[in-house]
2 protein chains.
Amino acid sequence: MAESGRCQPVKETRCELCSQHARCLPLGLELNELESFDAILQRPRPLKRGEALVRQGGSFESLYAVRSGSLKQTVAQEGQRDQITHFYLPGELVGLDGIGESRCYGSVVALETTFVCELPFTRLEDLAEHSPTLRSQLYRCMSRELRNDQRMMCLLSGRTADQRLASFLLGLSNRFRARGFSPARFHLSMSRSDIGSYLGLALETVSRVLARFQAQGLVSVEGREMTLVDRDALLALAEEGAGRHSGV
Amino acid sequence: MAESGRCQPVKETRCELCSQHARCLPLGLELNELESFDAILQRPRPLKRGEALVRQGGSFESLYAVRSGSLKQTVAQEGQRDQITHFYLPGELVGLDGIGESRCYGSVVALETTFVCELPFTRLEDLAEHSPTLRSQLYRCMSRELRNDQRMMCLLSGRTADQRLASFLLGLSNRFRARGFSPARFHLSMSRSDIGSYLGLALETVSRVLARFQAQGLVSVEGREMTLVDRDALLALAEEGAGRHSGV
DNA sequence: GAGCTTCCTTGACCCAGATCAACCTTAGTA
DNA sequence: TACTAAGGTTGATCTGGGTCAAGGAAGCTC
């Protein structure tokens, strides 16, 4: 997704050498725990753009940690257009919503060439049996995702198109920053239509709002290359009191 | 919330005698595990309508299992109207989104007289150390909530007001059914404004749509007493292909 | 039982954003 | 080099549902 995340065939399996180690699941494990963790981890495998990592309704077996690249989760509903519910960046965990169900909730598809580490869940549970750190890391990840989803629900139900886009861009920017990529300039691996689906907007609206942001000097967009020019203004916009049904 | 859920002062602490046992956290625990579980559980305490169980930004200490009654989670955002993100019914767990953060994400307030059981989280973790069942129950609960939130995101971003209301009513109905209450007739413990906030609609819209559903013979509403008259039609409406940006 | 307050309903109006449509750019491929 | 397809932009039009406003009903308190 960000330049540095691309086209790096990952040969090294060991977690402690992974660039995402600091924000991935095994963070904080003792050395011996880390070795057991490495042992259950399936060799990173490359996915090509458009290739599915898991399919909606497929049986749930594993969690996947994104090593490089990016993915989207899409949920197909009876007779409706697919809906995008998540974008995954390096260091993030795919599949948490499948635990405790035999089936996967949505499909997860690579947005670009992407490497993921597979973590068979039953083995992970065995490991967690003897590692309080791993247990609490698992809780932490799920809980964080719960909070993110709630934030998303607030965004979707109360905010204007401008505010949604501003929040989206800032959210991406923060995630890139946390991963050591530039927070100000990044590549959007998803299409306008993906963004629209994720934010509950028509793709035309996404395109128009981005054009307006550019005209207002908030961002600079060239296709999928995004530069945040006036971060403070974006932040002010995203947090602005006046959303829909915001009363006063 | 449903008639049978009200006004039952709960004297009995023991989980296995609780009416919600079959869908609560300690489900499936061995007898000795259940005893340890009972031991860490704080005596159910009554909350009056409007009373807060946890406050946004307050420190996270415990999960709470709803024993009877109902609650809402509200999130206050900088200068915006509060937003409702969840309703909790008997047997459901409050507080999962606070794990791994020191602070509570939103406030949780009783919608009517409500009894909850407090589960201090560090003690719960200790217990989970030696109970695979409890661990997997915890994962299961969190994962289920993740899926619910995602369903909610889909609802909020792609569906019309009619579809949102229909889904909301059916969702409540299913939850009541699972709890042994009537799925066809129930009491709404939340106001129209609460429903609107939860569904991303103006309260006037909620009122109008309910009136229309009544006129169409889908439901019968008298204040907060709700009867689902034509469940199939509601289901058809909720799943209908034609939402917003549904193409075709 | 008068007067609040809170909740709900209904009507009138309006606008943000969906939809429809045309066209442009870029990339893949034959 | 042309042909097709996918993605993106921009304009014109329409509408679902938000906002404002005026009452009504039901439950408090004094």
Side-chain angles (χ1 to χ4, degrees), chain A residues 48-50 72 80-84 109 111-112 155-166 187-197 199-215 219-226 237 240-248, chain B residues 48-50 72 80-81 83-84 109 111-112 155-166 187-215 219-226 237 240-248:
Chain A
K48 278 201 285 248
R49 176 181 152 76
K72 61 179 174 183
Q80 296 172 241
R81 184 171 296 180
D82 288 6
Q83 183 128 355
I84 289 169
V109 174
L111 288 167
E112 60 192 314
L155 194 69
L156 289 174
S157 82
R159 327 248 53 200
T160 65
D162 287 22
Q163 294 173 325
R164 293 182 204 195
L165 253 305
H187 178 81
L188 298 170
S189 59
M190 65 292 282
S191 68
R192 302 289 191 263
S193 158
D194 288 339
I195 297 174
S197 170
L199 295 177
L201 300 170
L203 69 92
E204 294 92 331
T205 304
V206 174
S207 184
R208 270 186 261 265
V209 172
L210 288 180
R212 185 150 36 76
F213 279 4
Q214 167 139 291
V219 306
S220 156
V221 227
E222 284 174 58
R224 297 190 175 186
E225 297 303 322
M226 171 65 62
L237 181 56
E240 192 165 280
R244 305 188 309 147
H245 11 97
S246 61
V248 166
Chain B
K48 279 202 285 250
R49 176 181 151 74
K72 61 179 174 183
Q80 295 172 241
R81 184 172 294 179
Q83 183 129 355
I84 288 170
V109 174
L111 288 168
E112 60 192 313
L155 195 69
L156 289 174
S157 83
R159 327 253 45 206
T160 65
D162 288 22
Q163 294 173 325
R164 292 182 206 196
L165 255 305
H187 177 82
L188 299 169
S189 59
M190 65 292 281
S191 68
R192 302 290 191 264
S193 158
D194 288 339
I195 298 174
S197 171
Y198 181 62
L199 294 176
L201 300 170
L203 70 93
E204 294 93 330
T205 304
V206 174
S207 185
R208 270 186 262 266
V209 172
L210 287 180
R212 184 149 37 75
F213 279 3
Q214 167 139 290
V219 305
S220 157
V221 227
E222 284 174 57
R224 295 190 177 185
E225 297 304 321
M226 171 65 61
L237 181 56
E240 193 166 279
R244 303 188 309 148
H245 9 99
S246 61
V248 180

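Just so you know, these numbers use all the heavy atoms, side chains as well, and skip hydrogens, waters and symmetry mates. These numbers come from a predicted model, not from an experiment.
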Glu222(B) CD to dA26(D) P, straight-line distance once rounded to whole Å: 11 Å

Which sits closer to the 5' end of DNA chain C, Glu204(B) or Arg49(B), going by the nucleotide each is nearest to? Arg49(B)

note: Leu210(B), atom CG; dT10(C), atom C1'; distance rounded to Å ~ 14 Å

Just call it for Gly196(B): base, sugar-phosphate, or nothing, with non-hydrogen atoms closer than 4.0 Å on any strand. nothing

For Arg224(A), which contact category applies under a 4.0 Å heavy-atom criterion: base, sugar-phosphate, or nothing? sugar-phosphate

Is any side-chain heavy atom of Gln163(A) closer than 4.5 Å to a side-chain heavy atom of Glu240(A)? yes

Base, sugar-phosphate, or nothing for Leu203(B), non-hydrogen atoms under 4.0 angstrom? base

So what does Gly50(A) hit on the nucleic acid, given a heavy-atom distance under 4.0 Å: a base, only sugar-phosphate, or nothing? nothing

In this structure, how many angstroms lie between the P atom of dG8(D) and the CD1 atom of Ile195(A), rounded? 8 Å

Expressed as a whole number of angstroms, how long is the span from Lys48(B):NZ to dC28(D):P? 14 Å

Without decimals, in angstroms, what is the distance between Gln163(A) CD and dG17(C) C1'? 14 Å

From dG7(D), dT9(C), dG18(D), nucleotide with atom closest to Ala202(B) side chain: dG18(D)

Strictly below 4.0 Å: does Thr205(A) bring a side-chain N or O up to OP1 or OP2 of dA18(C)? yes

Gap between atoms CZ and P, on Phe213(B) and dC8(C) respectively (whole Å): 17 Å

Are there over 12 heavy-atom neighbours, none belonging to Arg49(B), within less than 6.0 Å of that residue's CZ? no

Determine whether a donor-acceptor pair (one donor, one acceptor, N or O, separation below 3.5 Å) exists between the side chain of Arg208(A) and the base of dG11(D). yes

Between dG17(D), dG17(C), dT19(C), which nucleotide has the shortest distance from any of its atoms to the side chain of Ala161(B)? dG17(D)

Side-chain heavy atoms of Leu165(B) within contact of Thr205(B), under 4.5 Å: no

Beyond-backbone contact of Val221(A) with Phe213(A), side-chain heavy atoms, under 4.5 angstrom: no

Side chains of Val209(B) and Arg164(B): closer than 4.5 Å at any heavy-atom pair? no

From CZ of Arg192(B) across to C1' of dT9(C) the rounded distance in Å is 9 Å

Which whole-number value in Å describes the distance from His187(B) NE2 to dC7(C) C1'? 13 Å

